[in-house]
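Report on the following structure.
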Amino acid sequence: MSHMSVVLNLKSHISELFAQALGVVAPEQDATILIERPKQVAHGDYSCNLAMQLAKPLRKSPRDIARALIDALPPSAVIEKVEIAGAGFINLFITKSAKQQIVHAVLHAGAGYGHIHQGQGRSVQVEFVSANPTGPLHVGHGRGAAVGDCLCNVLHAAGWKVTREFYYNDAGAQIENLMRSVQLRCKGITPDDPSWPEGGYRGDYINDVARAYMACETVEADDQHTTGRGDAEDTESIRHFAVAYLRREQDLDLRAFNVEFDVFSLESALYSEGKVEEVVSRLVASGHTYEQEGALWLRTTDFGDDKDRVMRKKDGGYTYFVPDVAYHLDKWRRGFVRVINEQGADHHSTITRVRAGLQALDVGIPAGWPDYVLHQMVTVLKNGEEVKISKRAGSYVTLRDLIDEVGCDATRYFLAARHPDSQLVFDIDLAKSKSNDNPVYYIQYAHARISTVLELWGGERLALLAADVSLLESPYEAELLQQLIDYPQVIESAAQDLAPHLIAFYLKELAAVFHSYYNASRFLVDDEAIKHARLALIAAAAQVMRNGLALLGIGAPEKM
RNA sequence: GUGCCCAUAGCUCAACCGGAUAGAGCACCAGCCUUCUAAGCUGGGGGUUACAGGUUCGAUUCCUGUUGGGCACACCA
């Protein structure tokens, strides 16, 4: 292995060294090798707890095992020294020169720095947003879009072949409801009228749809063109038009949010292509269904559900989870051994049902398939008070409202920067503020500062590839080097845990380390060798900032 | 009532699938611009990780229970 490629991922290099040592010391043990970055510098650059793990099975003292492991460790040019500490930690110190080499490794790898091979080119399909085409996207969809898209970027960087998919529930009761609401608006009836149905959609946008339909406008949504008939009695035509109109609106919202999908799947297509019927007959054939009180039930309790679920209602229609099962069978047949569904936690009850339906099909789908990432609710704050409505949608805050008010970058950052499991408070005033309170600007500012310095220098970037990085010796420089070294591990963790917020936290740290360095040092100094070394370092830092910001889908401005 | 998620500094949040003295930012206090962007930096105080047990060399992390908050409990999606 070349020196350069070792430097590109020090942690996995060390992990391999310990794997070999383990093979010598205790070949019959299959302990997991965990390499950590100690919090204290005195504990070295990396530490391994393998000896303590082995103490019990081997019935020896951890420190004796640690000694044996160290003796069996293959030689490596990047290791300065190895120590045993505490209860049996093995602490490794990396040579200064190996750390300095990260600068060249990053500059050579460019946009590819941080990419790892965890996925080994395997396919993963990520379904996210999947809003019903019954209105504009709301903040919750925005969180799904930000988390899902960032997750896709992370998985791609981790070596997965990613397909982004959006599923439109364009069939079923809510579409009927939409059609009815638009129809009433076509007839001039407003939501404050006593005759307005209980569950009717009340937002202003319904009136926009009705007006466009009556004006015989043409809507181009994705793959279809639909022209309004202007006939308030033609329910079929209103239905088509309304769905197309709102799909277009959602598409525009997503485009404004910088999110693109590879595949759009339609619930209506599952019906028209006979996939829903097929799933029903397969489930009946499986023996897990029964008829009761005029309905067809699936015995989901066979697969861990707390009660059985109706598949076909008395009125002959299917409940929503039947097409869901058909949809996921379709995903499986398309060859996606790994599927991740990003959804709001308010839909978590569907998980058991979908998985149960897939198990009942008995077609070889693993019990825990597919994976889910559920994000908790978002509340929006402005002037210290919760905002609950938007003018256009009425009952909820739209994604468009946020993008228009605080911008795409800040919206994406704040919606992706929290652990999906935690509830999120979106503070509009904070997201808007152009100050150090705002992490988005803090990070982007760091990048802009570097760009300015490099521009003032005005030299050939290629010259930096020849910089003598051994001149990078200050504590500030050491810290920045370490930060760059850590980047691939952040991607690994984020991909492993499906936790894109780790990227946001890493970037904040990277920016902080850089700002400190910037404040304490000068770059455009007289000594050419030192100048080149420092410029190479901050150019590498800027590269990593660009790479990380790209994962979040956020711009890296040259000037601010 | 049942299931899922959450609880860490005054506030907003981290903590590398059990590790060594639990970390940042904001706010508060005290400093730093004739110098490459002060949208920045330096220093300081601030904690029984909600509570009670358990598992072990070692727990914010895993298990049980309690309290508090969110979500879901349809022949709606």
Side-chain angles (χ1 to χ4, degrees), chain A residues 11 32 34-40 42-43 47 49 52-53 55-56 61-62 85-89 91 132 134 169 171-175 177 199 267 292-297 305-307 309-321 323-324 344-352 374-377 379 417-425 427 430 433-442 444-446 448-457 486 489-490 492-494 496-497 501-502 504-506 508-509 511-512 514-525 538 559-560:
Chain A
K11 193 172 176 179
T32 50
L34 186 64
I35 306 296
E36 290 191 314
R37 297 244 20 247
K39 288 162 190 161
Q40 294 178 61
H43 295 153
S47 79
N49 67 353
M52 288 182 286
Q53 281 188 60
K56 185 166 270 184
S61 95
F89 290 101
N91 294 337
N132 295 337
T134 54
N169 286 103
Q174 81 282 4
I175 297 298
N177 202 351
E267 182 185 6
Q292 188 179 310
E293 296 170 15
L296 179 65
W297 296 68
D305 204 353
D306 51 359
K307 56 182 165 185
R309 305 292 168 175
V310 169
M311 294 170 57
R312 190 172 56 226
K313 300 178 277 184
K314 266 187 218 163
D315 68 9
Y318 295 113
T319 55
Y320 71 93
F321 95 93
D324 268 5
D346 54 340
H347 288 90
H348 78 265
S349 57
T350 67
I351 297 175
T352 314
L374 301 178
H375 63 258
Q376 297 291 323
M377 301 294 97
T379 50
R418 290 274 174 282
H419 190 111
D421 278 346
S422 296
Q423 289 165 239
L424 166 61
V425 177
D427 187 334
L430 176 61
S433 74
K434 302 202 169 186
S435 73
N436 49 352
D437 306 0
N438 190 336
V440 184
Y441 287 94
Y442 185 79
Q444 291 182 324
Y445 184 47
R449 274 182 148 178
I450 296 173
S451 299
T452 303
V453 173
L454 290 172
E455 195 186 312
L456 279 169
W457 168 55
D486 288 342
Q489 271 75 61
V490 176
E492 187 181 319
S493 300
Q496 185 72 40
D497 303 344
H501 70 287
L502 295 176
F505 274 90
Y506 169 81
K508 221 162 67 173
E509 273 178 43
F514 166 75
H515 282 307
S516 286
Y517 180 39
Y518 181 95
N519 228 260
S521 329
R522 294 197 59 78
F523 308 106
L524 301 176
V525 293
I538 63 171
K559 289 202 186 320
M560 287 176 74

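Here the structure is a predicted model, which means the values were calculated and not measured. In the text below, chain A, chain B and the rest are named by the order of the sequence lines, each starting its count at 1.
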Nearest listed nucleotide, side chain of A/Glu36, among B/A77, B/C16, B/U12:
B/C16
Rounded to whole angstroms, how far apart are CG on A/Asp346 and P on B/A74?
15 Å
Interatomic distance at C1', B/G47 relative to B/G10, whole Å:
12 Å
Is there aromatic stacking of A/His348 against B/A72, centre distance under 5.5 Å, plane angle under 30°?
no
Going by an N to O cut-off under 4.0 Å, is there a salt bridge joining A/Lys559 and A/Glu455?
yes
Hey, is the main chain of A/Met52 close enough, under 3.5 Å, to the side chain of A/Asn49 for a donor-acceptor pair?
no
Using the P atom in both, what is the distance from B/U66 to B/A74, to the nearest Å?
24 Å
Atom-pair distance (CD on A/Gln423; P on B/A72), nearest Å:
11 Å
Under 4.0 Å from OP1 or OP2 of B/A38: is there any side-chain N or O of A/Arg449 that close?
yes
From the set B/C36, B/U12, B/C75, return the single nucleotide nearest to any side-chain atom of A/Tyr518.
B/C36
Mark yes or no for a side-chain to base donor-acceptor pair under 3.5 Å between A/Glu455 and B/C36, with no hydrogen or angle criteria applied.
no
What's the gap between B/G46 and B/G54 when it is taken at their C1' atoms, as a whole Å value?
32 Å
Base, sugar-phosphate, or nothing: which does A/Arg312 touch, judged by heavy atoms less than 4.0 Å apart?
nothing
Is there aromatic stacking of A/Phe89 on B/G19 here, judged by a ring-centre distance under 5.5 Å and a plane angle under 30°?
no
Once you apply a heavy-atom cut-off of 4.0 Å, does A/Met52 come out as touching a base, just sugar-phosphate, or nothing?
base
Quick one: A/His515 NE2 to B/A38 P, roughly how many Å, whole number?
10 Å
Are the ring centres of A/Phe514 and A/Tyr442 closer than 6.0 Å?
no
A/Thr452 side-chain proximity, nearest of B/C36, B/A77, B/C16:
B/C36
Whole-Å C1' distance, B/U64 and B/A30:
49 Å
Assess whether one donor atom and one acceptor atom, taken from the side chain of A/Tyr320 and the base of B/A77, lie less than 3.5 Å apart.
yes
Kindly point out which of B/C71, B/A20, B/C57 is positioned nearest to the side chain of A/Ser47?
B/A20
Can you tell me if A/Asn438 uses its side chain to pair, donor with acceptor, with the backbone of A/Val440 under 3.5 Å?
yes
Can you find a side chain N or O atom of A/Lys508 that sits less than 4.0 Å from OP1 or OP2 on B/A14?
no
Distance, C1' atom - from B/A52 to B/C71, rounded to whole angstrom
27 Å
Assess whether one donor atom and one acceptor atom, taken from the side chain of A/Asp306 and the base of B/G3, lie less than 3.5 Å apart.
no
Do any side-chain nitrogens or oxygens of A/Arg522 fall under 4.0 Å of OP1 or OP2 in B/C36?
no
Just compare B/C6, B/A39, B/C71 and give me whichever is closest to any side-chain atom of A/Met377.
B/C71
From the list B/C41, B/A77, B/A14, which nucleotide is the closest neighbour of the side chain of A/His347?
B/A77
